[in-house]
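No experiment lies behind these values; they were computed from the predicted model shown. Nothing fancy with the numbering, it's 1 onward along the sequence.
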Amino acid sequence: MEFYGDAPFQAENVSKTFVERDWRGRRRSVQAVRELSLALEPGEAFGLIGPNGAGKSTTIKMLMGLVRPSQGSMQLNGRPVTDHRARRGVGFLPEHPSLYPQLSARELVSGAARMQGLGRKEAAGEAERLLGELGLGEVARTPVGKFSKGMLQRAAIAHALAGRPNVLVVDEPLSGLDPIWRTHVVERLMAFRDAGGTVLLSSHILADVERLADRIGILHQGRLRAVTTPADLIGRYVATYVVRTRGSRVPDNPTAHREGPEQWSLELAEADLWPALEELRGLAHQIVEVRPAGAGLEGALMQFLQEEADPA
């Protein structure tokens, strides 16, 4: 990987205003993004979350040079996004991938690897590996125009990963995937991050953002309202936690109830969580899961946005 700067992605005071016409034909200005400043670290996954129309996709389009900012500056790998060299080493998955339907999956992915600088033989091997990982090895020679929605999405993910990028920019990467492949793709993105790559993702599937993202940025009405971690945002609104364990001895806790043979569930206040975990370990229980009670990141985001709408 060739790396040009300390921060794979930087934005400083970026705004974007679109000019539209209403139903009477009158021009009006719509500010999609307002004074966005943000920097990503190497080896982190960063999730952009927020309601529809918050400015997430516009931010990603500006980053990839598809839309020009009205003000401010953005950089990829230490270069301005207006410099085509900035996108060397960057894999991109747009919200609505548009793939050449006549190309086979192998041609599509090997071509992307060649554009990232790999030789013909190396690119062919890269395509074979990625398509195999994403369950498309047996249809590698099939034109992608014959693929289902889920297969097209996996082919587009392989296209983004081709050429060994150091940055992945993915907009709704889990769209059209069934639960099994959603899990596989999240794990593949986690492996990319754990190997030192940087991931910028936007997704409405917040359970997967919660699992993948080290930090999140909350966009609302074009403004970046907060940058935090999923755990910190959830902890701001969650008062109790669910703990699931496996063990033969009955937990000495009034909230404990049996879920199955040697399977237990407890609901604990935050102040009681760590003492209870120590007690459960003392009973030789295996801790299977610890999670916030309620809707997790999705519920926390809803409460955050409600506070933004009604700060009093």
Exercise. May I have the step-by-step check of side-chain contact (heavy atoms from CB on, under 4.5 Å) for T17 and V30, ending in yes or no?
Key: CA-CA 5 Å; T17 301; V30 177; 6.0 Å; no
Quiz item: Are L224 and I218 close enough, and set up right, to give a side-chain contact (heavy atoms from CB on, under 4.5 Å), and what steps lead you there?
Solution: CA-CA 6 Å; L224 186 63; I218 302 173; 5.8 Å; no
Quiz item: Could you go step by step and tell me if E262 and R246 meet the salt bridge (Lys or Arg N to Asp or Glu O under 4.0 Å) rule?
Solution: CA-CA 5 Å; E262 298 190 357; R246 185 176 294 115; over 6 Å; no
Self-check item: Test salt bridge (Lys or Arg N to Asp or Glu O under 4.0 Å) applied to R182 and E187, step by step
Solution: CA-CA 9 Å; R182 217 174 73 195; E187 290 174 349; over 6 Å; no
Quiz item: Is there a side-chain contact (heavy atoms from CB on, under 4.5 Å) between K61 and T58 once you walk through the steps?
Solution: CA-CA 5 Å; K61 288 175 182 177; T58 299; 5.6 Å; no
Self-check item: Pair Q153-I157, side-chain contact (heavy atoms from CB on, under 4.5 Å): steps then yes or no
Solution: CA-CA 6 Å; Q153 188 73 5; I157 292 166; 4.3 Å; yes
Quiz item: Do N52 and H204 pass the side chain to side chain donor-acceptor pair (under 3.5 Å) test, and can you show the C-alpha distance, the side-chain angles, and the key distance before you say yes or no?
Solution: CA-CA 9 Å; N52 289 335; H204 286 106; 3.0 Å; yes
Self-check item: Candidate pair E307 and Y237, rule side chain to side chain donor-acceptor pair (under 3.5 Å), full reasoning
Solution: CA-CA 11 Å; E307 285 185 358; Y237 301 103; 3.2 Å; yes
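Closest approach of G47 to A213, counting heavy atoms only: N-CB, 3.9 Å. Contact record, S110 with A127: N-CB, 3.7 Å, taken as the closest heavy-atom pair. Taking each heavy atom of P8 and V167 in turn, the nearest pair found is CB-CG2, 3.7 Å. When all heavy atoms are compared, the tightest approach of L305 to H220 is CD2-CG, 3.8 Å. When every heavy atom of L131 is checked against every heavy atom of A140, the shortest pair comes out as CD1-CB, 3.9 Å. V14 and P69 make their closest contact through CG1-CB, 4.0 Å (heavy atoms, listed as atom of the first residue, atom of the second, distance).
If you take CZ on F9 and CG on L38, they are separated by 5.5 Å, rounding to the nearest 0.5 Å. The CG atom of L301 sits 11.5 Å away from the CD atom of E210 when rounded to the nearest 0.5 Å. Between the NE2 atom in H96 and the CD atom in E172 there is a gap of 8.5 Å [rounded to 0.5 Å]. Expressed to the nearest 0.5 Å, how far OG1 of T240 lies from CD of E270 amounts to 10.0 Å. Taking CZ of R85 as the start and CG of L76 as the end, the distance is 13.5 Å to the nearest 0.5 Å. Remark: S70 OG to Q31 CD distance equals 7.5 Å, nearest 0.5 Å.
Side-chain contact check for V227 versus I216: every heavy-atom pair is 4.5 Å or farther apart. Looking at F192 and P165, their side chains come closer than 4.5 Å, going by heavy atoms from C-beta outward. Proximity of L201 to L48: side-chain heavy atoms (C-beta onward) are nowhere separated by under 4.5 Å. Put simply, the side chain of I60 reaches to within 4.5 Å of the side chain of F92, judged on heavy atoms. Contact check for V243 versus L273: side-chain heavy atoms found under the 4.5 Å cut-off. Using a 4.5 Å cut-off on side-chain heavy atoms (C-beta onward), T198 and E41 make no contact. A 4.5 Å side-chain heavy-atom check between R21 and R28 finds every atom pair outside the cut-off. Using a 4.5 Å heavy-atom cutoff, the side chains of T59 and L36 are in contact.
Sparse packing is recorded around CZ of R68, with 12 or fewer heavy atoms of other residues, nucleotides or ligands lying under 6.0 Å away. A 6.0 Å sphere centred on CE of M190 holds more than 12 heavy atoms belonging to other residues, nucleotides or ligands. Within a 6.0 Å sphere centred on CD of Q286, heavy atoms belonging to other residues, nucleotides or ligands number more than 12. More than 12 heavy atoms of other residues, nucleotides or ligands sit less than 6.0 Å from atom CG of D232. The environment of CD in E289 is crowded: more than 12 heavy-atom neighbours from other residues, nucleotides or ligands sit within 6.0 Å.
Clustering ILVMFWY residues whenever any of their side-chain heavy atoms sit less than 4.5 angstrom apart, transitively, puts L118 in a cluster other than the one holding L108. I287 and W274 fall within the same hydrophobic cluster, where Ile, Leu, Val, Met, Phe, Trp and Tyr residues are linked whenever their side-chain heavy atoms come under 4.5 Å apart, directly or through other members. Hydrophobic clustering keeps L280 apart from V242 (ILVMFWY residues linked when any side-chain heavy atoms are closer than 4.5 Å, directly or through intermediates). M64 and F46 fall within the same hydrophobic cluster, where Ile, Leu, Val, Met, Phe, Trp and Tyr residues are linked whenever their side-chain heavy atoms come under 4.5 Å apart, directly or through other members. Under a hydrophobic-cluster definition in which Ile, Leu, Val, Met, Phe, Trp and Tyr are linked whenever side-chain heavy atoms come within less than 4.5 Å, directly or via other members, M74 and V90 are assigned to the same cluster.
Salt-bridge annotation for R223 and E308: absent, with no side-chain N of the basic residue lying under 4.0 Å from a carboxylate O of the acidic one. For E128 and R106, the salt-bridge test fails: no basic side-chain N is under 4.0 Å from an acidic carboxylate O. Ionic pairing of D171 and K56 is not present here: no N-O contact between side-chain nitrogen and carboxylate oxygen is shorter than 4.0 angstrom. Between E107 and R141 there is no salt bridge, since no side-chain N of the basic residue sits under 4.0 Å from a carboxylate O of the acidic one. Remark: K121 does not engage E126 in a salt bridge, criterion side-chain N to carboxylate O under 4.0 Å.
Listed for the Q10 side chain is no donor-acceptor partner under 3.5 Å among the backbone atoms of L40. The closest donor-acceptor contact from the side chain of S265 to the backbone of R244 lies at 3.5 Å or more, if one exists at all. A donor-acceptor pair under 3.5 Å links the side-chain atoms of W264 to the main chain of G247, judged by distance alone. Judged by distance alone, the side chain of R225 and the main-chain N or O of G50 form no donor-acceptor pair under 3.5 Å. Judged by distance alone, with hydrogens and angles left aside, the side-chain atoms of R154 form a donor-acceptor pair with the main-chain N or O of L134 at under 3.5 Å.
Relative to the six-membered ring of F18, K16 meets both conditions, a distance below 6.0 Å and an angle of at most 45° to the axis.
In terms of the side-chain hydrogen bond (donor to acceptor under 3.5 Å, both in side chains) criterion, R114 has no residue partners (sequence neighbours excluded). When the salt bridge (charged side-chain N to carboxylate O under 4.0 Å, His left out) test is applied to E44, the partners found at least two apart in sequence or on another chain are R215. Every residue was checked against the side-chain contact (heavy atoms from CB on, under 4.5 Å) condition with S98, not counting sequence neighbours, and none meets it.
Of the residues listed (V290, L277, T255), the one engaging L268 in a side-chain contact (heavy atoms from CB on, under 4.5 Å) is T255, and it is the only one. Each of V185, L161, V199 was compared with V170 under the side-chain contact (heavy atoms from CB on, under 4.5 Å) criterion, and only V199 meets it.
Side-chain atoms of S15 and E35 include no donor-acceptor pair closer than 3.5 Å.
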